Amino acid sequence: MIYRLLAINIDGTLLQSNGRLHKSTKEAIEYVQQKGIYVTLVTARSFPSAKKVAKALKLNSILVTSAGAYTADKLEQPIEVKRIKKEVTFDIVRLLEGFPCQIRLVHEKFSLANKTKTNNNILAKTVFSTGDPVFYSHQFVESLSENLLEDPVRPPKIEIYFENNDDLIHAKKALDVMYDEEIAITQLNDSRLDIVPYGVSKWNGLLRLSKELGIAPQEIVAIGDGYDDLQMIEGAGLGVAMGNAPHVLKKQADWVTRTNDEHGVTYMVKEHFRKQHPIQFLRKMNLLK
């Protein structure tokens with residue numbers, strides 16, 4: 001099979017546990033691009049945050065961000081944007097304010113979150129580890145719902161960080177009942193939920209991009225490590241799970257590479273793409289349209 005598109009998750013996949021890009025990973029991405037493979041990032045991060053990583057990799061690609069809700073190569077000219085309705089956003093916030101959690105509305109130009117006192121330093125998890133660029137504004141308010149009454153927001157994504165798993169479970173059940181066809185909810189771990197508009201996913205965003213590029217799903221290689229990567233790992237021509245991915249991803253993947261701290265993306269590229277001729281050569285030999 002000839003692969004023409006490489007789609008890579010960021011956190012836990014491209015980046016090491018310390019949040020840094022290893023030199024070998026940068027070299028691997030450059031190597032793939034030289035072969036004519038289109039490389040994109042498919043991530044739960046906001047567009048500005050993903051763009052920062054893309055620049056470090058010297059990528060000028062269209063990026064699938066906000067868990068598939070925001071696809072763009074330039075901030076002001078998105079190819080596709082899906083947003084949560086403002087009235088739904090308000091109702092979700094009102095419900096969640098009854099739980100000890102941090103609620104973060106992730107817009108492409110800013111994030112808006114409630115101030116909260118917690119025992120496990122949620123603020124550090126939600127803001128200071130995101131890797132957002134300096135110009136991306138983080139706003140904190142005492143009452144998120146009151147703020148939304150005065151200034152409604154239609155975010156592509158909402159992130160919620162809970163102090164304990166029981167509250168997460170109860171909140172998720174309530175949201176599922178209230179909005180079964182308005183939103184899609186993904187549980188990333190025992191303390192975090194991500195909410196996007198109904199029908200939005202990383203895989204659907206990647207399909208939208210591949211259609212734009214004229215690339216078939218079976219020509220896609222997708223690499224990820226989280227539960228929100230499962231659909232694209234199952235749907236891609238070659239689905240690759242990181243060594244640090246949960247068992248369910250590894251079980252559904254076509255191939256399991258090394259962990260992010262063992263440079264799993266680099267290892268996968270060396271094992272697979274070194275065997276594939278450059279796209280330009282394949283076209284010249286009439287092996288590819």
Side-chain angles (χ1 to χ4, degrees), residues 11-12 43-46 49 65-70 82-132 136-202 225-231 246 248:
D11 297 287
T43 177
R45 289 187 178 210
S46 67
S49 181
T65 67
S66 293
Y70 197 91
K82 303 282 188 178
R83 300 186 185 279
I84 303 170
K85 295 177 182 177
K86 60 184 179 182
E87 60 271 19
V88 173
T89 299
F90 176 79
D91 289 342
I92 289 172
V93 168
R94 284 292 299 270
L95 171 68
L96 292 172
E97 283 178 335
F99 296 90
C101 65
Q102 174 138 81
I103 310 156
R104 186 181 184 217
L105 310 184
V106 185
H107 192 273
E108 65 271 18
K109 295 183 178 179
F110 62 88
S111 75
L112 181 65
N114 60 320
K115 293 180 181 178
T116 180
K117 294 180 180 179
T118 63
N119 297 322
N120 60 358
N121 198 9
I122 289 176
L123 286 180
K125 291 182 181 179
T126 58
V127 178
F128 302 114
S129 63
T130 62
D132 291 326
Y136 187 79
S137 171
H138 295 289
Q139 303 173 32
F140 297 92
V141 294
E142 295 292 344
S143 172
L144 200 51
S145 58
E146 288 183 11
N147 190 273
L148 290 176
L149 278 173
E150 297 179 6
D151 191 10
V153 177
R154 295 177 61 228
K157 184 165 73 85
I158 302 174
E159 298 174 359
I160 313 103
Y161 298 79
F162 294 85
E163 283 199 51
N164 63 75
N165 184 248
D166 285 343
D167 286 336
L168 180 151
I169 292 170
H170 293 318
K172 186 176 184 301
K173 286 182 178 178
L175 289 168
D176 282 334
V177 171
M178 289 172 65
Y179 299 110
D180 59 337
E181 292 188 358
E182 290 280 0
I183 57 175
I185 307 170
T186 301
Q187 181 176 339
L188 277 74
N189 51 48
D190 287 342
S191 62
R192 177 174 168 181
L193 293 178
D194 274 12
I195 299 175
V196 293
Y198 185 76
V200 166
S201 68
K202 286 184 174 181
D225 75 295
Y227 290 108
D228 56 345
D229 298 317
L230 179 59
Q231 197 179 8
V248 65

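What you see is a predicted model; the values in this text were computed from it and never measured. Numbers here simply count residues along the sequence, with the first being 1.
In this structure, the separation between OG on S137 and NZ on K109 is 12.5 Å, given to the nearest 0.5 Å. Taking CD1 of I92 as the reference point, atom CD of E87 lies at 10.5 Å (rounded to 0.5 Å). Taken from NE2 in H170 to CG in N164, the straight-line distance is 8.5 Å, to the nearest 0.5 Å. Interatomic distance, CD1 of I195 versus NZ of K172, reported as 10.0 Å (0.5 Å rounding).
By the salt bridge (Lys or Arg N to Asp or Glu O under 4.0 Å) test, K86 pairs with no residue at all, sequence neighbours left out. For S145, the side chain to side chain contact (heavy atoms under 4.5 Å, CB included) partners two or more places apart in sequence, or in a different chain, are F90, V93, R94, E97, S143.
No side-chain heavy atom of D91 sits less than 4.5 Å from a side-chain heavy atom of L95. Two residues are said to be in side-chain contact when any heavy atoms from C-beta on lie closer than 4.5 Å; F99 and I160 fail this criterion. Contact annotation: the side chain of T89 approaches that of P155 to within less than 4.5 Å [non-hydrogen atoms, C-beta and beyond]. Counting heavy atoms from C-beta on, the side chains of V248 and Y227 come closer than 4.5 Å. Using a 4.5 Å heavy-atom threshold, the side chains of I185 and I183 count as touching. Here the side chains of L105 and S111 are not in contact, with every heavy-atom distance at 4.5 Å or above. Here the side chains of F162 and R192 are not in contact, with every heavy-atom distance at 4.5 Å or above. Annotation: side chain of C101 is not in contact with side chain of Y161 (no heavy-atom distance under 4.5 Å).
When all heavy atoms of A113 and L144 are compared, the pair lying nearest together is C-CD1, 4.2 Å. The minimum heavy-atom distance between A44 and E159, with the atom names listed, is O-OE2, 4.3 Å.
Under the side chain to side chain contact (heavy atoms under 4.5 Å, CB included) rule, L112 has a single partner from D151, V106, I158, V141, which is V141. Applying side chain to side chain contact (heavy atoms under 4.5 Å, CB included) to K202 and the options D228, L230, T65, T186 leaves one that passes, D228.
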*Evaluation steps, side-chain contact (heavy atoms from CB on, under 4.5 Å), between L168 and Q187*: CA-CA 9 Å; L168 180 151; Q187 181 176 339; 3.5 Å; yes
_From CA spacing to verdict: side-chain contact (heavy atoms from CB on, under 4.5 Å), R154, H107_ = CA-CA 8 Å; R154 295 177 61 228; H107 192 273; over 6 Å; no
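Looking at D229, its side chain does come within 3.5 Å of a backbone N or O of G226 through a donor-acceptor pair. Not one N or O on the side chain of Q102 forms a donor-acceptor pair closer than 3.5 Å with the backbone of K115. S66 contributes no side-chain N or O that, together with a main-chain N or O of G68, makes up a donor-acceptor pair within less than 3.5 Å.
Look at K157 and E108 and you find no salt bridge, because none of the NZ, NE, NH1 or NH2 atoms lies under 4.0 Å from a carboxylate O.
For the residue pair E181 and Y179, no side-chain donor N or O sits within less than 3.5 Å of a side-chain acceptor on the partner.
Ring geometry, H138 versus Y136: the interplanar angle exceeds 60°, so the pair is classed perpendicular (tilted spans 30 to 60°).
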